[in-house]
A.B. asks: 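The structure that follows is given in the form of structure tokens.
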2 protein chains.
Amino acid sequence: MATFDAPFTPVEPVRAYQRVAEQIEERILSGELPPGSRLPGERDLVSQFGVGRSTVREALRVLQSAGLIRSRPGDPLGAEVLGVSADNLSQALGRLTRSHLCSLGELIQFRMVLEAESNRLAARLRTEDDLTRMAGLIERMRSLTGAGAGLREFSETDALFHQAVAEASRNALLGLCARAVHDAVVEIIEHKIANVADATAWMARSIDHHEQVLAAIRAGDAPHAAQLARRALHAYYADHVEPASRPLLTAALEEE
Amino acid sequence: MATFDAPFTPVEPVRAYQRVAEQIEERILSGELPPGSRLPGERDLVSQFGVGRSTVREALRVLQSAGLIRSRPGDPLGAEVLGVSADNLSQALGRLTRSHLCSLGELIQFRMVLEAESNRLAARLRTEDDLTRMAGLIERMRSLTGAGAGLREFSETDALFHQAVAEASRNALLGLCARAVHDAVVEIIEHKIANVADATAWMARSIDHHEQVLAAIRAGDAPHAAQLARRALHAYYADHVEPASRPLLTAALEEE
DNA sequence: GCCAGTCCACTGGTCAGACCAGTTGATTTC
DNA sequence: GAAATCAACTGGTCTGACCAGTGGACTGGC
């Protein structure tokens, strides 16, 4: 009788806190526990799951580190369900970079790819609704240029514009990942952003860029829309990346 | 005296387990605790950090759910440091999909973008070393075609080929993310993979595809290399995605 | 009737101590 | 020398306790 080659997969023991975390995660991902809803208190969960409080707490810790819930001492309503977000992605990307498993240049290059693709698809698939929404966001950005302290709100509107483009591209994942990479980047070089001296100039250039992108998307010029994203990111970040990886960044500029 | 606009950022309390986790994570990311090294036992950490064991355990739980460490009961050496990997990324991507925040179609489309870009860059930047390594991996895949039970090893070699392409593209991040998306995809539709009936045919087609990719990369034909990745993924997965998002997938096929 | 202040039940965060099952390596036995 | 045994660990889990903080109920004065 012949023996099988690899018929059995190794079985690893499942910890109690894992089963608890899985059950809760399942209900969150399935939508049964929508964002904003509350989990029972820890002592309630203890009796519901039939495990000790430390087990429940370790499960909640896992869920919290995954960004699915948030708990606050003294809250009689219990932990709050946050739902799935891109936070976890950007956290993972930040770890990759901080551990030197990938460089800042690779992060920028990656963002070039994502935003270019987002723009390209948006140029092809955008509806009139998408266009008016984007135009409105640019208008709002312009109105925020005058106020001195509106830089935070400006960046927020900027992010909304990118999200609108992502929606127009009909691929939310591209937008989510681009956002995650963006967050990871600013986490790394945030000190450079705080330079308020040329903030007005930066905002003006940013608005100009967004208008070009919108024009290309409106015209349905996919290659140009993609190229705009690449060029803008390269121009903005090329000086910040390590000199060694600068040529690689430039290599990702042209597409054909 | 004027009041500031938003001079203060809200301060959230830092839990003890967070500080513990941060300290350990810092040492792992900085390379001070390389993969394969061991953490002290929990009771040692208790005395080193001056906190209770539950606090230490919650910190370890966070690190473990981030894929940075792995612990095993009864191990006298303590928890093992795993280092940063793409596991966390694929886990996050899988959550996004399972929560219907993005569809399987978007995942496939995303993978098309990543692998296409990987191939494109590899076609431009590959060295002779890269080419011989890839050729060797294809040869190994061909040698695994005969053996009946080598499907697992075949997939492994497949992954190694993609990793070699990613290395040739000089952007590890692209490869890591492509791998993460790949894992997320197989996690979702793994039941389709187990069909061993046409495994040989599938392997033959796979080898054929990889040879075409290698040829394009060798020739430095970046657009063709990119197009090959797009077409192959579309051909392989188009039937598996929801019919509604099939046209979107097709829209991502052509590039210009 | 309304609002401020007080108070108390309860929350999550932390700790201490205990037990268990499992691993490991030294010890004993053949 | 090899195999069985054992004891000192490990991480996983449970219990019970305390603390600082929260929020709602209660109470007082107006």
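Quick note on labels: first sequence line is chain A, next is B, and so on, each numbered from 1. Atoms considered below: every heavy atom in the structure, side chains included; atoms not considered: hydrogens, waters and symmetry mates.
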A.B. asks: Quick check for you: to the nearest 0.5 Å, what is the distance between A:Q64 atom CD and B:Y17 atom OH?
C.D. replies: 4.0 Å
A.B. asks: Measure up the A:H162 and A:H210 rings against each other and bin them: parallel (under 30°), tilted (30 to 60°), perpendicular (over 60°).
C.D. replies: perpendicular
A.B. asks: Using a strict heavy-atom distance below 4.0 Å, which residues from residues 49-57 of chain B are in contact with DNA chain D?
C.D. replies: B:R53, B:R57
A.B. asks: Please determine, by modelled atom types, if B:S245 and B:S103 share a side-chain donor-acceptor pair under 3.5 angstrom.
C.D. replies: no
A.B. asks: Base, sugar-phosphate alone, or nothing: which one does B:R61 contact when heavy atoms must sit under 4.0 Å apart?
C.D. replies: sugar-phosphate
A.B. asks: All N/O contacts under 3.5 Å from nucleotides 6-9 of chain C to the protein, with atom names and distances to one decimal?
C.D. replies:
none

A.B. asks: Hey, where on DNA chain D does chain B first and last touch, going 5' to 3'? Cut-off is any atom under 4.0 Å from a heavy atom.
C.D. replies: D:dT10 to D:dT13
A.B. asks: Once you round to the nearest 0.5 Å, how far does CD of A:E22 lie from CD of A:E25?
C.D. replies: 7.5 Å
A.B. asks: For side-chain contact (heavy atoms from CB on, under 4.5 Å), just list the numbers for A:V113 and B:N171, CA-CA rounded to whole Å, side-chain angles, deciding distance to a tenth of an Å, and then say yes or no.
C.D. replies: CA-CA 12 Å; A:V113 173; B:N171 189 325; over 6 Å; no
A.B. asks: Under 4.0 Å between a Lys/Arg side-chain N and an Asp/Glu carboxylate O for B:E58 and B:R15?
C.D. replies: no
A.B. asks: Nearest nucleotide by nearest heavy atom, which residue falls closer to the 5' end of DNA chain D, A:E58 or A:R72?
C.D. replies: A:E58
A.B. asks: May I ask you to say what A:R43 touches in the nucleic acid, namely base, sugar-phosphate or nothing, with a heavy-atom cut-off under 4.0 Å?
C.D. replies: base
A.B. asks: Quick one: CG on A:L29 to CG on A:L68, what's the gap to the nearest 0.5 Å?
C.D. replies: 6.0 Å
A.B. asks: Would you compute the distance between atom CG of B:L93 and atom CG of A:L89 and round it to the nearest 0.5 angstrom?
C.D. replies: 5.5 Å
A.B. asks: Parallel, tilted or perpendicular for B:F110 and A:F110, by the 30°/60° rule?
C.D. replies: perpendicular
A.B. asks: Give a yes or no on whether a salt bridge exists between A:D130 and A:R170, defined as a side-chain N under 4.0 angstrom from a carboxylate O.
C.D. replies: yes
